[in-house]
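We count ligands from 1, going down the list as the structure has it; atoms in each ligand are counted the same way.
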Amino acid sequence: MSVLVIGGAGYIGSHTVRLLMQEGYDVWVYDNLIAGHRAAVPEGCLIEGELADHLRLSQIMKEREVTSVVHFAAFASVGESVEHPAKYYQNNVVASHSLLTAMLAAEVREIVFSSTTATYGIPQAVPIREVETQRPINPYGFTKLVIEQMLRDYQHAYGLRYAALRYFNAAGASADGSIGEDHRPESHLIPIVLQVALGQRESVTIFGDDYPTPDGTCIRDYVHVDDLATAHLAAMRTLHAADGDGMQRVEVNLGTGKGHSVNEVVEACRRISGHAIPSVKGARRAGDPPELVADPSLAKQQLGWEPRYVDLDEIVETAWRWHRDHPQGYGQA
Ligand code: UDP
């Protein structure tokens, strides 16, 4: 099988690329390197390009006899999406539409898509099941929901088989510490806290401590990036095996089922790094629901997927190893 990984030089993409290669797939990475890193992918598989260039993309799919697409390319910061929604609709929605156009032209009929817990908005019930109504409360969540709907419609009309994987909070780094998280600017909690541990920032700001949670800070379900990679592999196999009479569509949550507050994450980072990590109280960040925790049982049932990392300290340990050994990430800031 030949797999085209869109956005494969990014955080979750690069971990998935590595796993697919280990499993013996022919893997091609298509990335514009705006958020991705050349050093995050093995030499020889990277094709630099824009998603808007659907003619070139379909050409690449035909030439390389691509059977499956895995699509990671997106902007993914909740706060930024509230400030700059145009950037999010352009990059996430318009570009994904272009990708689907290329797939139809090249007759590629399988796609694994990075969706998100942010499509649920403020859930009626936690842990969140897939039957929960999807009512996003920020532009980022809306952009991902629009793409999910496009996939449903394309499945119905064009026979596109898809998996929409709704990630909770991706975290950690590869166990050998060679690839990890490097966003610029960084907006995610664990890398920011570990940058404080490294002395690169003075403190971490806690965005709100008056939420209706036990310690007042937001609760999230942190899932290891290598576990997300495994889920992509399982989803791809499930769609491919389907070929005609099996699963045409998969829509599942990917989380551990365990929630941790912002304060607990900071505490875990103090424990693992051995550094003090000053924190300051700040205002709530626009677009943040109080509690997002997955019920991952459907992913287990449909994909046979279960996270190997269920302990927050173990997840933070892998992140710490990456940040400690690569204080500048993939290169100079
Ligand atoms: N957060 C925080 N300070 C920061 C960054 C994040 O308190 O500097 C909080 C944020 O409000 C959310 C949680 O940490 O409740 C996880 O945020 P992140 O941006 O990592 O992921 P998201 O939940 O937005 O996908």
- Task: Take the angle between the ring planes of Tyr167 and Phe72 and call it parallel below 30°, perpendicular above 60°, tilted in between.
- Result: tilted
- Take the angle between the ring planes of Tyr309 and His224 and call it parallel below 30°, perpendicular above 60°, tilted in between. parallel
- Message: Can you list every protein residue that has a heavy atom under 4.0 Å from any atom of ligand 1, sorted by chain and residue number?
- Response: Val78, Asn169, Ser187, His188, Leu189, Ile192, Thr205, Ile206, Phe207, Cys218, Arg220, Tyr222, Val262, Arg285, Asp288
- Does a sphere of radius 6.0 Å around NZ in Lys62 hold more than 12 heavy atoms from other residues, nucleotides or ligands, not counting ones at 6.0 Å or beyond? yes
- Task: Could you tell me which residues satisfy ring-ring contact (aromatic ring centres under 6.0 Å, His included) with Phe207, sequence neighbours excluded, listed by chain and number?
- Result: none
- Message: Among residues at least two apart in sequence or on other chains, which ones pass side-chain hydrogen bond (donor to acceptor under 3.5 Å, both in side chains) with Gln301?
- Response: none
Enumerate donor-acceptor pairs with a distance under 3.5 Å from any side-chain N or O in residues 141-148 to protein atoms, sequence neighbours excluded.
from, atom 1, to, atom 2, distance (Å)
Thr143, OG1, Asn92, ND2, 3.2
Thr143, OG1, Tyr140, O, 2.6
Lys144, NZ, Ser114, O, 2.7
Glu148, OE1, Gln134, NE2, 3.1
Glu148, OE1, Arg152, NH2, 2.8
Glu148, OE1, Arg166, NE, 3.4
Glu148, OE1, Arg166, NH2, 2.8
Glu148, OE2, Ser115, OG, 2.6
Glu148, OE2, Arg166, NE, 2.8

